[in-house]
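Working notes, structure below.
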Amino acid sequence: MVRKKGVAEFEETAPDDFDPANPYKDPVAMLEMREHIVREKWIDIEKAKILRDKVRWCYRIEGINHLQKCRHLVRQYLDATRGIGWGKDGRHPSLHGPKVAEVESE
């Protein structure tokens, strides 16, 4: 058994021949699109993990002043985690946050 050396090759862009109106028209393009979406989700998740580690580091280093000194990292982390995950594919990112109470009109 021989191992191949090098980096795995894959397309970094979405497939051109995928039709969202009729996804089952081309099964190969549908699978490529699904792989592309999963890859992009993993990239977003890993970016959020890196930001989480930076926030932890900042909290430990800054001590009592972490609320002022780490605020920008916390905002970046919260923005990075909004809308990522596996169960939120079809929803708009504004629906992922806390629910907003509707105002009753008279």
Side-chain angles (χ1 to χ4, degrees):
M1 196 170 193
V2 178
R3 285 184 139 176
K4 292 183 180 180
K5 293 183 180 179
V7 180
E9 295 180 16
F10 58 89
E11 291 289 325
E12 294 186 20
T13 59
D16 296 330
D17 52 350
F18 179 72
D19 182 18
N22 188 8
Y24 298 106
K25 178 180 174 185
D26 187 4
V28 174
M30 181 186 69
L31 290 175
E32 288 176 353
M33 185 64 175
R34 184 168 64 183
E35 288 176 358
H36 173 72
I37 291 170
V38 168
R39 189 178 313 115
E40 292 299 317
K41 283 184 178 282
W42 275 111
I43 289 170
D44 291 341
I45 289 169
E46 292 301 320
K47 285 180 184 177
K49 286 181 182 179
I50 291 169
L51 284 169
R52 181 181 61 201
D53 291 340
K54 287 182 179 181
V55 169
R56 285 181 182 168
W57 178 83
C58 186
Y59 277 14
R60 288 183 191 138
I61 297 299
E62 296 301 331
I64 193 91
N65 296 326
H66 72 276
L67 292 176
Q68 290 86 19
K69 304 251 178 150
C70 304
R71 181 172 292 165
H72 67 284
L73 288 173
V74 172
R75 285 186 180 152
Q76 286 178 0
Y77 175 66
L78 290 176
D79 290 340
T81 57
R82 188 164 286 127
I84 64 170
W86 297 108
K88 303 174 181 177
D89 292 316
R91 296 188 291 167
H92 191 268
S94 65
L95 300 175
H96 299 197
K99 296 190 177 203
V100 178
E102 294 182 18
V103 178
E104 294 182 17
S105 60
E106 294 181 20

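For clarity, every value in this text was computed on a predicted model and none was experimentally measured.
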Sequence neighbours excluded - side chain to side chain donor-acceptor pair (under 3.5 Å) pairs with any residue from residues 14-30: none

Partners passing side-chain contact (heavy atoms from CB on, under 4.5 Å) against Glu62 (at least two apart in sequence or in another chain): Cys58, His66, Lys69, Cys70

Pairing residues for Lys49 by the side-chain contact (heavy atoms from CB on, under 4.5 Å) criterion, not counting sequence neighbours: Ile45, Glu46, Arg52

Disulfide (SG to SG under 2.5 Å) contacts touching residues 17-52 (sequence neighbours left out): none

Shared hydrophobic cluster for Phe18 and Ile37 (ILVMFWY, side-chain gaps under 4.5 Å): yes

For the student: nearest non-hydrogen atoms of Pro20 and Pro23, plus distance: O-CD, 3.6 Å

Set of residues satisfying side-chain contact (heavy atoms from CB on, under 4.5 Å) with respect to Gln68, sequence neighbours excluded: Asn65

More than 12 heavy atoms of other groups within 6.0 Å of Leu67 CG: yes

Hydrophobic cluster (4.5 angstrom, side-chain heavy atoms) - remaining members for Ile43: none

Contact list for residues 16-52, test disulfide (SG to SG under 2.5 Å), sequence neighbours left out: none

Rounded distance (nearest 0.5 Å) linking atom CD of Gln76 with atom NZ of Lys47: 12.0 Å

Whichever hydrophobic residues join Leu73 through chains of side-chain contacts under 4.5 Å: Leu51, Val55, Tyr59, Val74, Tyr77, Leu78

Residues clustering with Ile61 (ILVMFWY side chains joined when closer than 4.5 Å, directly or via others): Trp57

4.5 Å side-chain heavy-atom contact, Arg34 and Met30: no

Partner residues of Asp79 under the side-chain contact (heavy atoms from CB on, under 4.5 Å) criterion, sequence neighbours left out: Arg82

